[in-house]
Amino acid sequence: MIDLRSDTVTRPSAAMLQAMVAAPLGDDVMGDDPTVIRLQEAVAERAGKAAGLFFPSGTQSNLGALMAHCERGDEYLVGQLAHTYKYEGGGAAVLGSIQPQPVEHAADGSLPLEKLAAALKPAGDAHFARTRLLALENTFHGKLIPASYVQAATDWARQHGLATHLDGARVFNAAVASGKPLADMCQPFDSVSICFSKGLGAPVGSVLVGSAELIARAHRWRKMLGGGLRQAGVLAAACLYALEHNVDRLAEDHANARLLAEGLGGIAGVTVLSQDTNMVFVQVEPALCDGLTAALDAQNIKMRAVYGGPTRLVTHLDISADDVRRAVRAVADYCSTAPR
Ligand SMILES: *Cc1c(COP(=O)(O)O)cnc(C)c1O
């Protein structure tokens, strides 16, 4: 099976499962699971932050962070297409009583400073929610957000008394793509949420990093959100394995995405829109979409060609360069023979 729908589809490898079986365990709700403690410390150290907190998902980790930064009636500035705003069920508003203020992205994924400034509410006026936080995302739809922009935006936020959060679900992809240590990507932010269940290949798990005070507040919210897990070291062990074995190899995923974009770029009926880190976006001719999806499915290749919209293809640790070549051949075969 060649599954290009997402980098969340990876299965834990035999060695990762072995690490999970062998992990020493405790009760993390009582704070004494040694594997969870080791993971939290390792991620915090690597990110250059004082403390870390294990969460079962990136959605809960982002929400715990937003709730740790903002109180009821506060507001956060966030991208119109950002995961925390668009793809997390409206949790900040529903569970956090936090008003999201969405801001339109520029083409490179950044949120222009003049748009942020226009969205910032005047302080001390009871008409307005209190703007408290700027949340960015890196990578964003695979795009590496320029370091100079991140610095300028977080400087701007601090000048206006705002805290800063990074949805770093794929921040390791950003670090590998830019050739910088993880700590450099995290340094401008007060908190960063990092996923281990994407390209890093763990079955579940995210870690939120930040100051000890912030993490203590997030810990309380995690409990209320139902995220207190007992022998969570079983899961943390998979994340530790990923941290130790699967970070540098993200470069292979980026190279395979380039190979995929190059291959698809030569096929009539498919237009490559962009390729960044491990993601390729293409436009498939509408008349080909349904047939292509079905033809690939019959060959055990999963890719959902979207009628009229961009189709996303994602490389990950269960996709080899040979898999990419096979997928490109299958797309080319279908497109050259399909009626249209
Ligand atoms: C996957 C993802 C998350 C968190 O998702 P979960 O499925 O809850 O782990 C957050 N932000 C981005 C950008 C993501 O891709």
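Heavy-atom basis, side chains included; hydrogens, waters and symmetry copies ignored. Atoms within each ligand, like the ligands themselves, are counted from 1 in listed order.
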Peer 1: Is Asp297 salt-bridged to Lys302, going by a charged N under 4.0 Å from an acidic O?
Peer 2: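 Between Lys302 and Asp297 there is a salt bridge, with a charged N closer than 4.0 Å to a carboxylate O.
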
Peer 1: How far is atom 6 (P) of ligand 1 from its nearest protein heavy atom, and which residue and atom is that?
Peer 2: Gly58 N, 3.6 Å

Peer 1: At under 4.0 Å between heavy atoms, is it the side chain or the backbone of Asn62 that contacts ligand 1, or both, or neither?
Peer 2: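 Just the side chain.
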
Peer 1: Which residue supplies the protein heavy atom nearest to atom 8 (O) of ligand 1, what is that atom called, and how far is it?
Peer 2: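 Of every protein heavy atom, Thr59 OG1, 2.6 Å lies nearest to atom 8 (O) of ligand 1.
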
Peer 1: Return the closest protein heavy atom for atom 13 (C) of ligand 1 as residue, atom name and distance.
Peer 2: Glu137 OE2, 3.2 Å

Peer 1: Using a 4.0 Å cut-off to any heavy atom of Glu88, which atoms of ligand 1 qualify?
Peer 2: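 So the answer, numbered in order with elements, is 10 (C).
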
Peer 1: Do the side chain of Asp318 and the main chain of Arg11 share a donor and acceptor less than 3.5 angstrom apart?
Peer 2: yes

Peer 1: Among all protein heavy atoms, pick out the one at the shortest distance from atom 11 (N) of ligand 1; state its residue, atom name and that distance to 0.1 Å.
Peer 2: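 For atom 11 (N) of ligand 1, the nearest protein heavy atom comes out as Asp167 OD2, 2.6 Å.
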
Peer 1: Distance to 0.1 Å, residue and atom name: give those for the protein heavy atom nearest to atom 2 (C) of ligand 1.
Peer 2: Lys198 NZ, 2.2 Å

Peer 1: With a cut-off of 4.0 Å, which atoms of ligand 1 are near a heavy atom of Arg170?
Peer 2: 15 (O)

Peer 1: How are the rings of Tyr241 and His245 set to each other: parallel, tilted or perpendicular (split at 30° and 60°)?
Peer 2: parallel

Peer 1: Any salt bridge between Asp253 and Arg249, counting N to O under 4.0 Å?
Peer 2: yes

Peer 1: Any idea how Phe281 and His141 line up, ring-wise: parallel (<30°), tilted (30 to 60°), or perpendicular (>60°)?
Peer 2: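 Phe281 vs His141 ring planes: tilted.
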
Peer 1: How close do Gln275 and His254 get, heavy atom to heavy atom, and via which atoms?
Peer 2: NE2-O, 3.9 Å

